[in-house]
Trainee: 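Have a look at the structure that comes next, please.
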Amino acid sequence: MDQVSSWSRDIRFASGMVLLAFAATHFLNHASGIAGLEVMEAVQNWRYGFWHSWPGTVALYAALIVHPLFALLRVAQRRTFKMPAREMLQIGLGLMIPLFLVDHIVGTRVMGTFFNLDESYHAVLRRLWPNLALSQSILLLLVWTHGIIGLHFSLRSRESYQRWRDPFMLAAILLPILALIGFAVAAREAGHMELPPETYSDAAVAMFNQNVTWAKRAFYGLVGCFVGFVAIREIRVRTTRHITVRFVGHGVRKLTPGLTVLEMFRRFGIPHAALCGGRARCATCRVLVLDGGDKLPPPGPNEARLLRRIAAPDRVRLACQIRPKDDLQVQILLASRLGAATRATEPEATAGRRGLTVMVADLRAFSALSERQLPQELIGLLNRFFDEMAQAIAAHGGRVDAFYGDGFMAVFGLEGTPARAAQAAISAAGDIVRAVEALNREFGAALPLPLRIGIGIHTGQAVIGAVESESLGRREITVGETVTIASQLESATRRVLSDLVVSEETIRITGRGYRGTMPLKISIKGREKPLTAYGFASAPELAERDGDDQEPAPAVETDSTGLREPATAPDAWAMEVVIEREPLSGAGTPQPEPAPQPPAKRGRRSRAGTSAASENTKKPPL
């Protein structure tokens, strides 16, 4: 049975998708009844074209047999029935569906096949309305809820599902509501049609009752067989030997072999994570096997594929896939806290990788400012600063993720399109620069140094989620390379004398042009090629028309050493790098050192100064 679980999951999922597709088309057909019975029957002809064909019929009836069988097999494999409420709900709904479904199938498809009973909507609706309307409505809700629960928890661990989760939930709620409304509207219309009453022969009635009875007995007899199998298995294992399992940090337990490690966690109330419910679709239940791993069976196909995907070390296994038969010692790698009723909480369902725009900002020369201010004045200034920053971020739909010392990090794009997120981040940066200027005017007389800010903005993929602890509570976080790049762009503002540095990717996504930008090449740690970015000496301003863009200043190369050289020509820049790193000596007279230039004023740089600097660059003697 352990080997069966490795591929029965895929068969169960595929057959369930066939049944859910049939239910979706059937309910859409019901919903078309809102437009009238005639439209409803026109859609039925289209639906019958597929599901009454040989491929559709074989797929439907095969799924109708295979899915319940493998679902019962999955339940029988459980060695403990302590499980999350949603799993209990899904199993309960699955056991209730045949009570209503058998009568519906026999009364329509079976009787139509053997007795040529009219299966058109106007005939079926007259049979069902109003006496059987309640039972059919319950059947619709049972089938749809059972299928949507299974599909949601099968897909929610996938990153691509996060983008479609909200539209999926909206459709999942609207479809059964519209189907019930269409069913009621069309049934009332069919009831007012002047048609002769249907007559049924004694043979047809006897066959209907016989088929319904046999089908229900077969299904619930199969359920009884599985219950008996589980009971006999429990009696047998309780009379056999026990194994010792040591859970690092949670004590030692003696129990009968056969349970998965995940089932052990649930039985003993040990905090654990299981995002997919133990179906080997996520790796949140992984454990580190400290002792006894050599006696475990090798990973199955699903487990091995998932472990390769996360590049797991050799001794890491999925708790839902290993059934130890000998003593074992494991350590949980991703634990969750327990609720008040010893219920294992699951990781944040909304955690995932998304395209975001990240802003990192920091006050300049804050250490020097803090040494010259009284503590009360400094904290008051910081409170005012962070209040202004938070308002600017919130006004443009962003979220402040963290305040640290004299800086903060904010994210944009949790809602809306990537273009709007990038535009909002740049607009918020402009408001922040203007807010700092306003603070300088307000506190200028009390500050020994004017406030200056550096802001870095980058757009890319980032991981979002929530972390939680007993002492700090729950906090939303954003991590990833995008955050690191935004932080390094903020650090580069010191070297390029700009208040704001925005990556080329962010500018491109906005689809807009900005005035007063300065092209830059920023060296990023961990990347071989420098990142193209644009510096703003003041608050960003949109270009009014295509020809209104300011002529870009010469590109500035920056590296981790803090050097920046105006690049008037590639050869000149390359030569200055050589002079800086390997001075030439020997031939010719020594070159006089250039006269020191006065420091450039913070803000806009004139093109004339840049050109003069490039002309004063002297070539080494050949």
Side-chain angles (χ1 to χ4, degrees), residues 1-24 26-27 58-105 138-157 172 214-234 258-260 262-263 266 274-282 285 300-303 318 320-321 323:
M1 188 172 290
D2 295 340
Q3 297 177 352
V4 172
S5 61
S6 63
W7 50 268
S8 65
R9 184 202 72 176
D10 299 329
I11 294 179
R12 190 171 66 250
F13 179 77
S15 59
M17 289 301 298
V18 172
L19 296 177
L20 188 60
F22 175 81
H26 197 37
F27 298 161
V58 171
L60 178 60
Y61 283 105
L64 197 59
I65 296 173
V66 169
H67 187 73
L69 180 64
F70 279 86
L72 289 174
L73 183 62
R74 162 70 177 169
V75 175
Q77 285 182 295
R78 291 180 177 272
R79 300 304 178 96
T80 179
F81 288 92
K82 289 184 177 181
M83 65 187 78
R86 64 96 180 164
E87 292 187 22
M88 297 180 63
L89 176 63
Q90 190 177 15
I91 293 174
L93 293 175
L95 293 176
M96 292 175 61
I97 287 174
L99 284 175
F100 302 91
L101 184 60
V102 170
D103 298 72
H104 182 71
I105 294 176
I138 294 175
L139 173 61
L140 185 150
L141 296 176
L142 288 177
V143 171
W144 190 249
T145 305
H146 176 79
I148 292 300
I149 290 176
L151 183 60
H152 170 68
F153 285 98
S154 298
L155 299 178
R156 70 171 183 168
S157 60
W214 284 359
K216 291 184 178 180
R217 284 180 179 178
F219 177 76
Y220 289 106
L222 186 62
V223 174
C225 292
F226 275 95
V227 172
F229 168 77
V230 172
I232 295 174
R233 183 191 62 195
E234 288 298 316
L259 283 76
T260 66
L262 179 61
E263 291 172 336
R266 290 177 173 176
L275 184 62
C276 68
R279 294 173 174 81
R281 290 194 177 97
C282 70
C285 69
N302 295 324
E303 181 184 7
L318 299 185
C320 64
Q321 299 298 307
R323 298 180 183 271

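For the numbers below, each heavy atom of this structure counts, side chains included, while hydrogens, waters and symmetry mates do not.
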Trainee: What pairs meet the salt bridge (Lys or Arg N to Asp or Glu O under 4.0 Å) rule with one or both residues in residues 89-98, with sequence neighbours excluded?
Mentor: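 Every pair satisfying salt bridge (Lys or Arg N to Asp or Glu O under 4.0 Å) with a residue in residues 89-98: there are none.
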Trainee: State the CD-CD1 distance between E87 and I149, to the nearest 0.5 angstrom.
Mentor: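 E87 CD to I149 CD1: 10.5 Å, rounded to 0.5 Å.
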Trainee: How long is the gap from CD1 on I91 to CZ on R74, to the nearest 0.5 Å?
Mentor: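 That separation rounds to 8.0 Å.
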Trainee: Can you name the residues that form a ring pair (Phe, Tyr, Trp, His ring centres under 6.0 Å) with F27, not counting sequence neighbours?
Mentor: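 Counting only residues at least two positions away or on another chain, F27 forms a ring pair (Phe, Tyr, Trp, His ring centres under 6.0 Å) with W144.
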Trainee: Listed by chain and number, what are the side chain to side chain contact (heavy atoms under 4.5 Å, CB included) partners of C282, not counting sequence neighbours?
Mentor: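 Residues passing side chain to side chain contact (heavy atoms under 4.5 Å, CB included) with C282: S157, L275, C276, T284.
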Trainee: For the CG atom of L101 and the CE atom of M96, what is their distance to the nearest 0.5 Å?
Mentor: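 Taking CG in L101 and CE in M96, the distance rounds to 13.0 Å.
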Trainee: Using atom types as modelled, flag every donor-acceptor pair under 3.5 Å from a side chain in residues 214-224 to any protein atom, sequence neighbours excluded.
Mentor:
residue, atom, partner, partner atom, Å
K216, NZ, L99, O, 3.3
K216, NZ, D103, OD1, 3.0
Y220, OH, L95, O, 2.7

Trainee: Checking E303 now: which residues fulfil side-chain hydrogen bond (donor to acceptor under 3.5 Å, both in side chains) with it, not counting sequence neighbours?
Mentor: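 side-chain hydrogen bond (donor to acceptor under 3.5 Å, both in side chains) check on E303 returns R317.
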Trainee: Kindly give the heavy-atom pair with the smallest separation between V18 and A59, and that separation in Å.
Mentor: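 Closest approach of V18 to A59, heavy atoms only: CG1-O, 3.7 Å.
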Trainee: Hey, could you give me the CG/NE2 distance between L19 and H26, rounded to the nearest 0.5 Å?
Mentor: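 That separation rounds to 13.0 Å.
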Trainee: Under 3.5 Å, side-chain donor or acceptor atoms of residues 65-73 against the rest of the protein: list the pairs with distances, not counting sequence neighbours.
Mentor:
residue, atom, partner, partner atom, Å
H67, ND1, R12, O, 3.0
H67, ND1, S15, OG, 3.2
H67, ND1, G16, N, 3.4

Trainee: What salt bridge (Lys or Arg N to Asp or Glu O under 4.0 Å) pairs are there with at least one residue in residues 90-99, not counting sequence neighbours?
Mentor: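 Non-adjacent pairs meeting salt bridge (Lys or Arg N to Asp or Glu O under 4.0 Å): zero.
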Trainee: Just jot down the side chain to side chain contact (heavy atoms under 4.5 Å, CB included) partners of F100, sequence neighbours excluded, or say none.
Mentor: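 S135, I138, L139, L142.
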Trainee: Between the main-chain N or O of T260 and the side-chain N or O of E263, is there a donor-acceptor pair closer than 3.5 Å?
Mentor: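 Yes; at least one donor-acceptor contact below 3.5 Å.
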Trainee: With side chains defined as the heavy atoms from C-beta onward, is the minimum distance between L262 and L318 less than 4.5 Å?
Mentor: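 They are not in side-chain contact.
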Trainee: Let me confirm one number: the NE2-CD distance from H152 to Q90, rounded to the nearest 0.5 Å.
Mentor: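 It comes to 11.0 Å.
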Trainee: Say you draw a straight line from CZ of F22 to CG of L64; how long is it, rounded to the nearest 0.5 Å?
Mentor: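 Rounded to the nearest 0.5 Å, the CZ-CG separation comes out at 9.0 Å.
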